[in-house]
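This report concerns only the one structure given below.
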2 protein chains.
Amino acid sequence: MSIKDLAQHLNISIGTVSRALNGRADVNPDTRKRVLAAAKAMGYVANQSGRSLRQGATNVIGFTIETNVETKSQGDTFFMTVFDGVQTVFARHKLDLVVLLCSSDDDPFDHVRRVVSRQFADGLIISATQRQDPRIDYLIERGIPFVTLGRSLSGGEHSWIDMDFEGVAAQSVARLVARGHTRIALANTTRGINLSYVFEDAYRAALADHGIAYDPDIVLRGDITELGGYQLCEKLLALPNRPTAVVLVNESLAIGFYRRLHEAGLTPGRDMAIIGFRQSPQARFLSPALTCYRLSLHDVGVELAQSLLATMPAYKDLYPLGTVQKIWPMELVPGESDPPLRR
Amino acid sequence: MSIKDLAQHLNISIGTVSRALNGRADVNPDTRKRVLAAAKAMGYVANQSGRSLRQGATNVIGFTIETNVETKSQGDTFFMTVFDGVQTVFARHKLDLVVLLCSSDDDPFDHVRRVVSRQFADGLIISATQRQDPRIDYLIERGIPFVTLGRSLSGGEHSWIDMDFEGVAAQSVARLVARGHTRIALANTTRGINLSYVFEDAYRAALADHGIAYDPDIVLRGDITELGGYQLCEKLLALPNRPTAVVLVNESLAIGFYRRLHEAGLTPGRDMAIIGFRQSPQARFLSPALTCYRLSLHDVGVELAQSLLATMPAYKDLYPLGTVQKIWPMELVPGESDPPLRR
DNA sequence: CTGAAAGCGCTAACAA
DNA sequence: TTGTTAGCGCTTTCAG
């Protein structure tokens with residue numbers, strides 16, 4: 001079932017069929033109607049490979065995520081919600097969003113290189129940015145339109161969107177200090193991924209703002225998972241001169257923290273102040289309620305999509321945003337997990 | 001950068017380049033070496049559209065998931081782990097797994113139809129099967145290789161893999177009965193998706209096995225989300241002649257159940273026995289520990305991939321499995337959430 | 001407004 | 001062992 005069959009069936013040329021289907025102006029309204037009707041009746045849809053080959057464009061946008069790192073950490077509906085936002089924009093332009101999975105035993109750089117060189121997609125959204133990220137340099141060099149979800153030191157002038165790690169760190173420390181805490185731990189993730197640097201730097205700056213000395217012993221690092229939280233909490237409890245509060249780089253950690261505290265006969269909040277990161281569905285149902293920050297991931301997705309289109313020649317006029325480098329604001333959601341310190 | 005450029009650069013014909021790259025036997029070893037070296041040096045990789053068009057195959061396998069239904073319930077760790085398993089198999093055959101998202105405002109049937117007619121993928125894995133699922137009939141009619149994650153009444157002879165809802169329901173009821181419970185509620189999801197029927201039927205059968213009358217008033221239905229669990233728990237607490245135990249169709253519900261019970265001053269387990277469904281990372285860190293069931297989602301992915309390949313002409317000899325219809329076993333993980341009933 | 005034809009990049013059949 | 005060439009399905013000139 002190709003365009004040829006359809007044309008034959010209608011007794012017109014394939015050129016006209018193509019024009020009719022693609023909404024060209026120079027086609028007789030009646031002809032167009034006939035073509036559209038026949039296409040529908042026969043269930044004809046243009047073969048993607050044929051179109052792509054001819055047009056030099058695939059009408060596909062790839063969103064790469066890593067099945068190892070991100071998955072286990074973000075755990076919840078993080079990406080799905082972002083995807084949904086991205087799609088609402090792309091749908092308007094008949095662009096298809098496909099998710100390209102970089103599996104646990106695949107190198108992210110190789111993966112992107114393969115995707116690009118096969119010309120699988122017209123544009124790319126990549127996530128889990130490293131502090132130095134060769135993918136970014138590569139994409140710039142090859143001139144592939146892309147946006148990153150997350151900052152990086154690499155590349156300079158590309159578009160990115162990132163969560164407001166600085167704001168969260170600063171606001172969390174300020175809030176805890178206001179509530180009497182001075183010994184505030186940080187539950188961070190392993191180095192490599194850029195956000196760990198951003199978050200820790202902001203935490204240090206915030207401490208300094210409040211005249212609190214930085215103590216590397218209470219900056220802990222682990223996996224961003226529920227289990228990671230459990231283990232970090234254990235480390236924290238074992239510390240001499242135990243911190244009275246902790247700021248988490250990710251809300252998944254909170255689940256493990258709560259559990260470990262319970263096992264130790266301690267109550268989150270009362271015995272250890274905790275400020276989580278994002279208000280996730282799981283975090284919402286912790287008791288006591290976790291103090292955390294809200295953002296619309298759907299809107300992040302929308303903005304990612306628009307930023308990408310702004311870098312694509314075929315769409316940049318519709319989205320004259322230039323290079324987007326946006327730190328996405330997050331709004332405090334006060335909970336019960338960080339009450340004032342009892343003396 | 002096409003095969004032409006590469007051939008020109010090497011002063012040989014494109015045919016030879018193609019054969020060398022594709023590992024054909026009839027190529028001089030030296031020539032092959034030169035071609036491969038040049039391809040690597042120049043970063044050449046065959047254009048996918050060109051290949052697909054010529055070969056009539058895309059070497060892409062699509063895995064469709066719904067951003068609305070599944071996402072909010074399963075959270076994405078569920079699928080990511082499955083994907084990872086699927087990929088380990090496909091990688092061996094240079095097949096690319098891409099995830100095709102059916103967004104909230106898109107009809108799943110239309111979505112599959114679009115994917116198929118554009119010839120986007122050589123095979124499909126579809127999930128969130130409905131009790132009657134037109135996608136299945138359509139795929140069979142069109143002769144597209146596919147497997148479903150989840151059963152359905154539609155289609156008859158296609159391959160599918162599903163979780164052992166019957167086993168979980170039966171074992172859960174038996175376990176609760178053995179612990180003295182006779183008034184056992186079911187927290188199910190809305191009708192439409194097939195698993196809700198399967199699970200409820202098995203629950204009814206299990207009750208009957210133990211001589212317990214079925215009471216429709218204690219079969220509750222809601223969204224499979226943390227919030228859904230919260231709301232269902234509320235309904236449960238408001239019931240006259242309150243059940244002493246509840247079996248959940250999905251572990252996300254447990255998060256909301258725990259929270260709601262706490263708010264009512266009740267303790268999960270002691271005041272209301274709960275058996276969750278899958279042992280998810282979140283569920284693992286509930287206190288008291290949730291009684292639930294374990295399965296390897298990675299292995300489910302592997303099996304899905306193999307089952308799909310078994311239906312594809314080009315691979316069926318390598319995977320002579322025939323039609324796979326497999327109920328995936330789940331293993332009880334006893335917790336503290338369903339202690340014996342106090343009299 | 002429509003038809004004819006070129007050609008996107010690739011592989012496979014055939015010829016040499 | 002290699003070169004030549006047809007043609008996959010499509011869009012887009014260019015003529016008419």
Side-chain angles (χ1 to χ4, degrees), chain A residues 1-36 38-39 42-60 93-96 114-122 314, chain B residues 1-36 38-39 42-60 94 96 114-122 314:
Chain A
M1 181 53 180
S2 74
I3 196 169
K4 220 164 101 187
D5 304 319
L6 188 56
Q8 235 152 37
H9 176 256
L10 287 163
N11 261 320
I12 54 177
S13 74
I14 57 168
T16 303
V17 172
S18 173
R19 284 191 298 263
L21 255 23
N22 289 299
R24 292 272 109 85
D26 55 352
V27 96
N28 186 306
D30 283 350
T31 311
R32 187 194 309 282
K33 218 175 285 175
R34 279 181 59 220
V35 172
L36 259 36
M42 305 175 66
Y44 170 79
V45 178
N47 174 297
Q48 189 56 47
S49 302
R51 301 195 79 186
S52 302
L53 190 54
R54 175 63 229 237
Q55 300 190 307
T58 60
N59 297 313
V60 165
H93 304 288
K94 307 221 174 206
L95 289 168
D96 280 314
R114 278 208 319 274
V115 169
V116 167
S117 47
R118 301 179 89 186
Q119 285 147 272
F120 202 89
D122 297 341
Chain B
M1 181 52 178
S2 74
I3 196 169
K4 219 163 104 187
D5 304 320
L6 187 58
Q8 233 152 37
H9 176 255
L10 287 163
N11 260 320
I12 55 178
S13 76
I14 58 168
T16 303
V17 172
S18 173
R19 283 191 299 265
L21 255 25
N22 289 299
R24 292 269 110 85
D26 55 354
V27 162
N28 185 306
D30 284 349
T31 312
R32 187 193 309 279
K33 218 175 287 176
R34 279 181 59 220
V35 172
L36 288 163
M42 303 174 67
Y44 170 78
V45 177
N47 175 297
Q48 190 55 48
S49 303
R51 301 196 79 188
S52 302
L53 190 54
R54 176 62 231 233
Q55 301 191 308
T58 60
N59 297 312
V60 165
K94 306 222 175 206
D96 282 313
R114 276 205 323 270
V115 169
V116 166
S117 46
R118 302 179 92 184
Q119 285 145 274
F120 203 89
D122 296 341

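Labels below follow one simple rule: chain letters A, B, ... track the order of the sequence lines, proteins then strands, and each chain is numbered from 1. Please read all numbers here as calculations on a predicted model, not as lab measurements.
When atom types are taken as modelled, the side chain of Arg34(B) and the backbone of Leu10(B) share a donor-acceptor pair closer than 3.5 angstrom.
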Restricting both atoms to N or O, compile the protein contacts to nucleotides 13-16 of chain C shorter than 3.5 Å, with distance only.
{"unit_1": "dA13(C)", "atom_1": "N6", "unit_2": "Arg19(B)", "atom_2": "NH1", "d": "3.3"}

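Close to dG3(C), at under 4.0 Å from its OP1 or OP2, lies a side-chain N or O of Thr16(A).
The side chain to side chain donor-acceptor pair (under 3.5 Å) check on His93(A) picks up Tyr319(A), with sequence neighbours excluded. Arg54(A) pairs by the side-chain contact (heavy atoms from CB on, under 4.5 Å) definition with nothing, not counting sequence neighbours. Scanning for side chain to side chain donor-acceptor pair (under 3.5 Å) contacts around Ser49(A) gives an empty result, with sequence neighbours left out. Residues passing the side-chain contact (heavy atoms from CB on, under 4.5 Å) test with Ala39(B) are Leu6(B), Leu21(B), Tyr44(B), sequence neighbours excluded. Judged as a side-chain contact (heavy atoms from CB on, under 4.5 Å), and not counting sequence neighbours, the contacts of Val116(A) are Val112(A), Leu124(A), Tyr138(A), Leu139(A), Arg142(A), Ile144(A). Applying the salt bridge (Lys or Arg N to Asp or Glu O under 4.0 Å) rule to Arg114(B) yields the partners Asp106(B); only residues at least two apart in sequence or on another chain are considered. Residues satisfying the salt bridge (Lys or Arg N to Asp or Glu O under 4.0 Å) test with Arg32(A), not counting sequence neighbours, are none.
The residue among Ser18(A) and Asn11(B) whose nearest nucleotide of DNA chain D lies closer to the 5′ end is Asn11(B).
Atom CD1 of Ile14(A) and atom P of dC1(C) are 21 Å apart (whole Å). The CD1 atom of Ile3(B) sits 14 Å away from the C1' atom of dC8(C) (whole-angstrom rounding). Distance, Asp30(A) CG to dC1(C) P: 10 Å, rounded to whole Å. Residue Leu53(A) contributes atom CG, which lies 12 Å from atom P of dT11(C) at whole-angstrom precision.
Note that the CG atom of Leu53(A) and the OG1 atom of Thr58(A) stand 12.0 Å from one another [nearest 0.5 Å]. A distance of 9.0 Å separates CG of Asn47(B) from OG of Ser2(B), quoted to the nearest 0.5 Å. Rounding to the nearest 0.5 angstrom, the gap separating the CG atom in Asp96(B) from the CD atom in Gln48(B) is 7.0 Å.
Read 5' to 3', the first and last nucleotides of DNA chain D with an atom closer than 4.0 Å to a heavy atom of chain B are dT1(D) to dG9(D).
Residue-level contact check: Arg24(A) touches the backbone only, with heavy atoms under 4.0 Å from sugar-phosphate atoms and none from bases.
Contacts classified as side chain to side chain donor-acceptor pair (under 3.5 Å) and involving residues 13-27 of chain B (residues at least two apart or in different chains) are given here: Ser13(B)-Thr16(B), Thr16(B)-Arg19(B), Ser18(B)-Asn22(B), Asn22(B)-Arg51(B).
The stretch residues 44-52 of chain B touches DNA chain C through Tyr44(B), Ala46(B), Asn47(B), Gly50(B), Arg51(B), each having a heavy atom within less than 4.0 Å of the strand.
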For Asn59(A) and Asp122(A): C-alpha separation, side-chain torsions, deciding distance, then whether side chain to side chain contact (heavy atoms under 4.5 Å, CB included) applies. CA-CA 6 Å; Asn59(A) 297 313; Asp122(A) 297 341; 4.2 Å; yes
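Overall bending of the helix from dC1(C)-dG16(D) to dA16(C)-dT1(D), expressed as the angle between end axes built from five pairs apiece, is 40° (10° steps).
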